[in-house]
Amino acid sequence: MSIHETFMRAALKEAEKAFEKGEVPVGAVVVSKNQIIARAHNQMELLHDPTAHAEMIAITQAADLLRSQGGPNHRGSLEKASLYVTLEPCAMCAGALVLAHCERLIFATADPSAGACGSLYNIVNDDRLNHRLKVTRGLLEAESKALIQDFFKTLRKEKR
């Protein structure tokens, strides 16, 4: 198993936690210097907060950690960090990645209805913005897609 698969599997574990809590199963981890420095999953239902996406929570955790360490990242910049996430980020999360100056985004499955990293929009590589990310798509896509599909299948059964 590659190091990238290891980190995406950690994000999938976070997505499974979200599933168990009745949240849309999205998980994210932030990696710096080949170590996970933040882990999160969707918590919008739990927190009653539309901004509590896995990516936003992980970015905040990572920025807090880096800021607390001082040095060149005193503002919490994610310049040399990577975000691994199970679903293509939305416009809000993509914008946060750009503002955080994250170096790389790796996501498992595309989101044709709200994805802002190549599907619907491409915020993370928009030449009009001051920062762009390296993007890798499709890592462990089948596992992530299956988890999301299972979640919505279960949700539809419960509503009947």
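Because the structure is predicted, anything quoted here is derived from the model rather than measured. The first residue of the sequence shown is numbered 1, and numbering continues consecutively from there.
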* Asked: What residues form a side-chain hydrogen bond (donor to acceptor under 3.5 Å, both in side chains) with His4, not counting sequence neighbours?
  -> Tyr84
* Asked: Given the rule in the side chain to side chain contact (heavy atoms under 4.5 Å, CB included) test, do Leu46 and Glu23 qualify, once you have shown the distances and angles that lead to the verdict?
  -> CA-CA 8 Å; Leu46 174 71; Glu23 301 275 358; 3.6 Å; yes
* So among Thr109, Thr86, Leu87, Asp150, which one has a side-chain contact (heavy atoms from CB on, under 4.5 Å) with Lys145? -> Thr109
When you group the ILVMFWY residues by side-chain heavy-atom contacts below 4.5 Å and let the links chain together, are [Y] and [X] in the same group?
{"X": "Leu139", "Y": "Phe107", "result": "no"}
{"X": "Val135", "Y": "Ile59", "result": "yes"}
{"X": "Leu129", "Y": "Leu99", "result": "no"}
{"X": "Met56", "Y": "Leu47", "result": "no"}
{"X": "Ile37", "Y": "Val85", "result": "yes"}

* Asked: For the side chain of Asn42 and the backbone of Pro25, is there at least one donor-acceptor N/O pair under 3.5 Å apart?
  -> no
* Structure fact -> One should read off an interatomic distance between Gln61 CD and Leu66 CG, to the nearest 0.5 angstrom, of 11.5 Å
* **From Glu55 atom CD to Cys117 atom SG, the distance as rounded to the nearest 0.5 Å** => 8.5 Å
Test of understanding: with salt bridge (Lys or Arg N to Asp or Glu O under 4.0 Å), list the residues that count as partners of [X], not counting sequence neighbours.
{"X": "Arg128", "answer": "Asp126"}
{"X": "Glu16", "answer": "none"}
{"X": "Arg137", "answer": "none"}
{"X": "Lys21", "answer": "none"}

According to salt bridge (charged side-chain N to carboxylate O under 4.0 Å, His left out), does anything in [range] pair up with another residue at least two apart or in another chain? List the pairs.
{"range": "residues 85-103", "answer": "Glu103-Lys134"}
{"range": "residues 113-124", "answer": "none"}
{"range": "residues 25-45", "answer": "none"}

Tell me every residue that passes side chain to side chain contact (heavy atoms under 4.5 Å, CB included) with [X], counting only those two or more places apart in sequence or in another chain.
{"X": "Leu120", "value": "none"}
{"X": "Asn34", "value": "Ile3, Phe7"}
{"X": "Arg9", "value": "Met1, Leu12, Leu140, Glu143"}
{"X": "Ala108", "value": "Met8, Ser144"}

* Fit a plane to each ring of His101 and His131, take the angle between them on a 0 to 90° scale, and name the class: parallel (under 30°), tilted (30 to 60°) or perpendicular (over 60°). => parallel
How close do [X] and [Y] get, counting heavy atoms only, and between which atoms?
{"X": "Cys90", "Y": "Ala116", "result": "C-CB, 3.5 Å"}
{"X": "Ala11", "Y": "Val29", "result": "N-CG1, 3.9 Å"}
{"X": "Ser119", "Y": "Pro112", "result": "CB-CA, 4.1 Å"}
{"X": "His53", "Y": "Cys93", "result": "ND1-SG, 3.5 Å"}
{"X": "Ile123", "Y": "Val98", "result": "O-CG2, 3.8 Å"}
{"X": "Ala62", "Y": "Ala38", "result": "N-CB, 3.7 Å"}

* To do: Evaluate side chain to side chain contact (heavy atoms under 4.5 Å, CB included) for Val24 paired with Phe152, printing each intermediate quantity in order.
  => CA-CA 8 Å; Val24 175; Phe152 285 109; 4.1 Å; yes
